[in-house]
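This report refers to the structure that appears directly beneath it.
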Amino acid sequence: MSENLKNGTGKLFTNVDPDKMRAFVREKNKKKVSKLTTVKEAVEKFVSDGDYVAIGGFGGVRIPVAVIHEVIRRGKKNLGFSGHVSTHDCQLLSAGECFDRCDAAYIVGLEARGLSSNARRVFQSGKINVTEWSNGALSWRFKAAAMGIPFIPIRSMLGTDTFNYSGAKEMFCPFTGKKLAAVPALYPDVAILHVHRADIYGNCQIDGIVVADDDIAKASKRVIVTTEKLVDTYEIRREPNRTVIPYWTVDAVIEVPFGSYPGNMPGVYFSDEEHLSEWLKVEKDEQLFKEFLEKNIYSCKNFSEYLEKNGGMEKNEQTYSAGASFKIGGENDPL
Amino acid sequence: MSENLKNGTGKLFTNVDPDKMRAFVREKNKKKVSKLTTVKEAVEKFVSDGDYVAIGGFGGVRIPVAVIHEVIRRGKKNLGFSGHVSTHDCQLLSAGECFDRCDAAYIVGLEARGLSSNARRVFQSGKINVTEWSNGALSWRFKAAAMGIPFIPIRSMLGTDTFNYSGAKEMFCPFTGKKLAAVPALYPDVAILHVHRADIYGNCQIDGIVVADDDIAKASKRVIVTTEKLVDTYEIRREPNRTVIPYWTVDAVIEVPFGSYPGNMPGVYFSDEEHLSEWLKVEKDEQLFKEFLEKNIYSCKNFSEYLEKNGGMEKNEQTYSAGASFKIGGENDPL
Amino acid sequence: MTRYNNMELMITIAARTLEDGAVVLVGTGVPVATAMLAQMTHAPGLTILFEAGGVAPLLPTMPISVGDSRTTHKGLKATTMAEIMEFCQAGMVDYCFLGGAQIDKYGNLNSTIIGDDYKKPKTRFPGSGGANDLASLCWRTMVVTPQSDKRFVEKPDFLTTPGYLQGGTSREDAGLPKDTGPYRVITDIGVYGYHPETKEMMLISLHPGKTIEDVKANSSFEILVPDGYEMTTEPSDHELEVLREKVDPTKVIIGRG
Amino acid sequence: MTRYNNMELMITIAARTLEDGAVVLVGTGVPVATAMLAQMTHAPGLTILFEAGGVAPLLPTMPISVGDSRTTHKGLKATTMAEIMEFCQAGMVDYCFLGGAQIDKYGNLNSTIIGDDYKKPKTRFPGSGGANDLASLCWRTMVVTPQSDKRFVEKPDFLTTPGYLQGGTSREDAGLPKDTGPYRVITDIGVYGYHPETKEMMLISLHPGKTIEDVKANSSFEILVPDGYEMTTEPSDHELEVLREKVDPTKVIIGRG
């Protein structure tokens with residue numbers, strides 16, 4: 001039968017062997033100790049040139065902007081990354097020319113807002129090694145890694161160029177004989193996530209869409225978490241059903257209020273659509289874009305300065321809290 | 001390579017083809033309509049002789065006792081069931097002589113409390129068709145079904161008689177060449193679950209251990225839910241991150257306070273260890289056991305009568321609320 | 001002068017496809033406007049899902065992102081992308097709405113690259129996103145798009161998302177779930193379905209004022225035109241009123257039409 | 001008269017094995033008593049998991065079920081059995097504690113049947129439960145059990161849960177994760193490990209008052225006795241005090257010893 005089976009020709013950028021990851025996890029310190037640190041220290045300690053990076057959230061929703069800016073400021077190079085609904089984060093990493101390879105499911109776009117001309121320039125340059133996947137496939141690759149298995153069989157991607165340019169393999173189901181696509185586990189070197197609440201040990205809660213953050217945290221060798229709010233461990237223990245990410249997966253915790261700016265933080269603040277439009281606009285002019293990056297990233301000593309330059313807490317409090325009217329839930333409002 | 005691969009010799013009691021289940025799900029009414037009913041009606045409508053049944057919870061924790069009693073009272077026969085930490089529920093189904101086949105991961109025992117001599121009699125009779133699995137394997141079989149894939153590859157069971165007497169198959173990983181155990185999706189005909197809170201449509205919340213209830217609901221053709229408390233849909237919409245079971249999977253919702261009795265309901269009431277001991281004791285004498293079943297199940301017109309006969313709400317309020325001191329969380333208590 | 005523009009026409013026609021009680025997975029823009037219109041008119045029991053994890057929210061206004069706050073606003077569940085995709089894979093989702101830079105006669109879509117060198121494409125688009133999964137796993141794929149010969153191509157530069165692949169039985173032969181596939185293409189010219197055997201795109205109804213010439217002139221492949229095609233029933237006043245006043249009062253989407 | 005009974009001795013010795021910062025998956029009875037004792041003495045940073053879904057609770061008293069209220073009492077996470085098993089499969093769990101009706105020289109366990117007819121067994125036991133998964137997937141399997149020639153058998157009637165299977169490299173050859181396997185067997189007579197090459201059970205230390213004769217008389221297979229075996233260090237007053245007063249004040253477990 002196997003002569004009928006196709007393999008995707010895309011390159012796998014990460015190890016697939018679960019026993020290698022098991023050996024790493026075994027040695028990792030799983031003691032409940034404080035992981036509180038700063039964005040600068042976290043990037044210095046946990047992100048190295050050449051690392052494969054996974055970014056949490058959904059492109060423009062619950063994204064860890066402070067850490068990505070620091071990665072750019074520090075001039076990290078030759079990263080790999082998973083383009084799992086990578087919108088503003090892909091735009092940022094492209095602006096910093098930080099990567100040379102990418103597992104692409106959704107890149108270069110900002111959903112309904114349009115396409116990033118600079119990210120397209122980067123991906124059209126021929127300098128980036130790209131392997132295609134679907135969003136589902138990348139989600140399931142993280143899930144396989146989180147589950148400790150080398151692959152998961154799925155029923156999408158089959159028959160398409162997305163499959164042909166992926167690193168998936170066709171296989172027959174041992175029970176039904178049906179053709180399936182096997183997608184390999186994806187173990188990032190480092191995950192960068194932004195959550196609603198975390199304690200000093202790294203136990204995290206998320207409101208609203210979880211996307212793939214739960215599996216990404218378990219799949220990654222190192223995990224950097226920024227959190228809107230640092231909470232006492234008592235808050236975590238009060239509702240153990242709400243813990244999405246358990247402490248032993250996490251290496252660094254930093255409290256960064258408005259940390260998803262200019263993105264949306266479900267139930268807390270909305271996206272700054274004006275600023276995101278400006279991004280898309282200035283990218284079309286190389287000189288303007290250079291100045292824009294200098295102002296908003298390179299010359300900023302930290303994320304607070306970026307916030308200040310774009311309206312600061314005042315704008316945040318006003319404009320963005322307006323977006324909080326889309327509550328997860330909606331406390332006082334009958335149906 | 002395949003000549004080196006072993007197959008378990010145990011029988012598969014359920015369909016493995018995901019396309020058959022997809023066709024069923026497609027036709028299922030997924031409209032948000034009230035599923036409120038009674039235990040009697042639910043069993044009459046949704047449980048037939050010969051059905052394969054999956055029971056939620058963890059044997060003596062969060063178990064749907066009211067519905068199981070009704071299954072016994074109605075003399076349901078030739079059921080199949082998944083012995084996924086099946087303790088008091090296995091004891092009950094054995095008492096009713098309701099089944100003739102079983103996927104066994106954990107049966108006939110009540111954990112630290114001892115073994116059920118009647119359940120053992122049944123399983124030692126030679127009349128039950130048994131296929132062996134591990135708890136993990138059964139969990140993953142439900143998960144494969146919930147995910148819509150025909151199997152999941154796992155790294156346990158290999159090399160043992162548990163594998164040899166299972167329905168799993170060895171396979172080689174298409175990426176690493178490692179030997180894995182493929183476990184097939186398990187689609188029960190009917191799931192019986194008990195939860196903390198549900199609305200009339202079947203949206204359910206669970207406090208504490210979820211066990212496999214989320215996957216079982218999605219894997220099963222029909223789902224009967226009993227709930228400690230019926231809540232307004234507004235309560236569900238207030239915290240969408242807490243919804244474990246979504247409404248479209250559910251066919252019947254019945255409010256049954258103390259519905260896990262004599263089992264434990266995390267955060268609400270503890271198990272009635274006295275009564276469970278009595279069960280284990282009377283099973284040793286055939287005549288006594290017959291009388292015990294007559295009193296506690298067959299002669300009861302419903303679950304309330306069973307509760308009344310065993311101390312009723314008074315005992316429940318007193319003895320069982322004591323167990324509620326083991327809160328999920330622990331509201332007022334600093335660490 | 002017509003009572004509606006092309007965008008309003010397409011959204012209205014698409015919304016009618018969604019029967020009450022159906023489950024639909026939507027993206028931003030036209031798809032979510034379509035689902036909201038259906039829900040506010042003939043299909044109050046429509047279940048709306050978003051691939052980022054939002055389940056059955058009470059949508060206050062149209063989301064700008066498939067994952068923004070609105071997609072879980074008073075939702076019945078908020079979860080992971082994997083779980084949403086698994087609902088699709090398990091056969092729970094009736095409809096998905098997709099688009100693309102190119103579509104061929106079998107409903108295959110391209111949203112990855114333009115050009116003939118994958119490594120150095122002339123134009124890079126986002127790629128599959130969730131489209132490949134949704135088109136593979138949901139029962140019926142809907143495409144709502146303005147029609148032109150640039151978009152309706154003989155051979156897409158990249159087959160990102162499966163339609164009927166090479167037609168006939170090739171979709172199921174490739175391993176994709178049984179009885180799934182493209183269902184309707186709704187353009188500014190007409191409504192198309194697919195031939196039951198060959199799976200080629202086929203006219204179902206022609207919009208008011210449009211001709212078979214328009215159908216043919218705006219496609220690089222031949223669209224089948226059976227004898228019994230119908231004329232599209234125009235949007236009703238009620239549909240237009242709900243669309244304009246409740247679904248898209250700021251004309252973000254219908255303003256484009 | 002000794003200062004402790006066999007149960008107290010076994011629990012104390014087992015608890016010492018668990019280093020601070022380790023992750024341990026326990027069942028009810030001796031295992032949870034062992035983990036609690038370790039946590040209350042030298043290993044406050046021990047992470048305790050339960051297969052039903054409880055993660056790192058502040059255990060008020062010993063659970064009677066692996067899933068009862070106590071196992072999530074002020075826990076850091078409450079989840080599914082699948083997720084707990086996946087933590088094990090991903091290499092996160094250092095120790096699990098198991099038992100069985102029979103154990104052989106390679107640490108294989110039987111908890112399924114006694115008898116030679118699977119279809120009509122003389123005695124039916126619960127089966128694997130989570131034991132097969134835990135012994136397959138956690139790094140080190142611990143067994144704490146009273147020793148007798150009935151329990152220490154040449155060939156178990158059913159190989160429920162993997163030890164080193166047929167010894168040598170057979171465990172990894174079967175596909176089980178690398179570098180995992182039985183670690184210690186702690187009985188009322190001694191502490192045993194496994195020969196690094198052949199994987200046969202091997203004496204590590206002999207309890208006070210016990211002899212090599214006791215070791216041999218209470219096993220149906222030959223236990224290796226190397227020259228360099230040690231004498232078990234007795235439970236300290238502090239260990240016994242914590243065990244009796246904090247871990248098991250009602251003597252549910254230690255009362256059996």
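Letters A, B, ... mirror the listed sequences (proteins, then strands); counts begin at 1.
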Would you say that [X] contacts [Y] through its side chain, given a criterion of any heavy-atom pair below 4.5 Å between the two side chains?
| X | Y | value |
| --- | --- | --- |
| I107(B) | R124(D) | yes |
| T162(B) | F158(D) | yes |
| E111(B) | I64(D) | no |
| F270(B) | R70(D) | yes |
| T87(B) | P126(D) | no |

Below 4.5 Å from any heavy atom of chain B, which atoms of [X] appear? Answer side chain, backbone, both or neither.
| X | result |
| --- | --- |
| F125(D) | both |
| L176(D) | both |
| V66(D) | both |
| K77(D) | neither |
| E83(D) | neither |
| N108(D) | neither |

What distance do I209(B) atom CD1 and E51(D) atom CD have between them, rounded to the nearest 0.5 Å? 10.0 Å
Separation between CZ (R171(D)) and CG (L158(B)), nearest 0.5 Å, reads 10.0 Å
Partner chain D: residue of [options] with the largest heavy-atom pair count (under 4.5 Å):
| options | answer |
| --- | --- |
| I128(B), L110(B), V130(B) | V130(B) |
| K127(B), R121(B), E170(B), R120(B) | R120(B) |
| G109(B), A212(B), A137(B), G136(B) | G136(B) |
| K178(B), R113(B), R62(B) | R113(B) |
| V210(B), T160(B), D213(B), N129(B) | T160(B) |
| V211(B), V61(B), I206(B) | V211(B) |

Under the side-chain contact (heavy atoms from CB on, under 4.5 Å) rule, what do T80(D) and D214(B) come out as? Steps first, then yes or no, please. CA-CA 8 Å; T80(D) 61; D214(B) 54 344; 3.7 Å; yes
Donor-acceptor contact present, side-chain D133(D) to main-chain S134(B), <3.5 Å: no
If only atom types and distance count, is the side chain of Q89(D) paired as donor or acceptor with the main-chain N or O of I154(B) below 3.5 Å? no
Of all of [options], which one pairs up most often with chain B through heavy atoms under 4.5 Å apart?
| options | answer |
| --- | --- |
| C88(D), S128(D), A131(D), G53(D) | S128(D) |
| V252(D), T123(D), T161(D), L165(D) | T123(D) |
| S170(D), S136(D), G175(D), S65(D) | S65(D) |

Minimum heavy-atom separation for [X] and [Y], please, with both atom names.
| X | Y | result |
| --- | --- | --- |
| Q124(B) | K120(D) | O-CG, 3.5 Å |
| K143(B) | A82(D) | CE-CB, 3.6 Å |
| A174(D) | G159(B) | CB-CA, 4.0 Å |
| V85(B) | M81(D) | CG2-CE, 3.4 Å |
| F123(B) | P121(D) | O-CD, 3.9 Å |
| A112(B) | T28(D) | CB-OG1, 3.8 Å |

Counting only heavy atoms not in D117(D) (residues, nucleotides, ligands), do more than 12 fall under 6.0 Å from its CG? yes
Qualifying residue, where the test is side-chain contact (heavy atoms from CB on, under 4.5 Å) with E132(B) and the options are N132(D), T112(D), T160(D): T112(D)
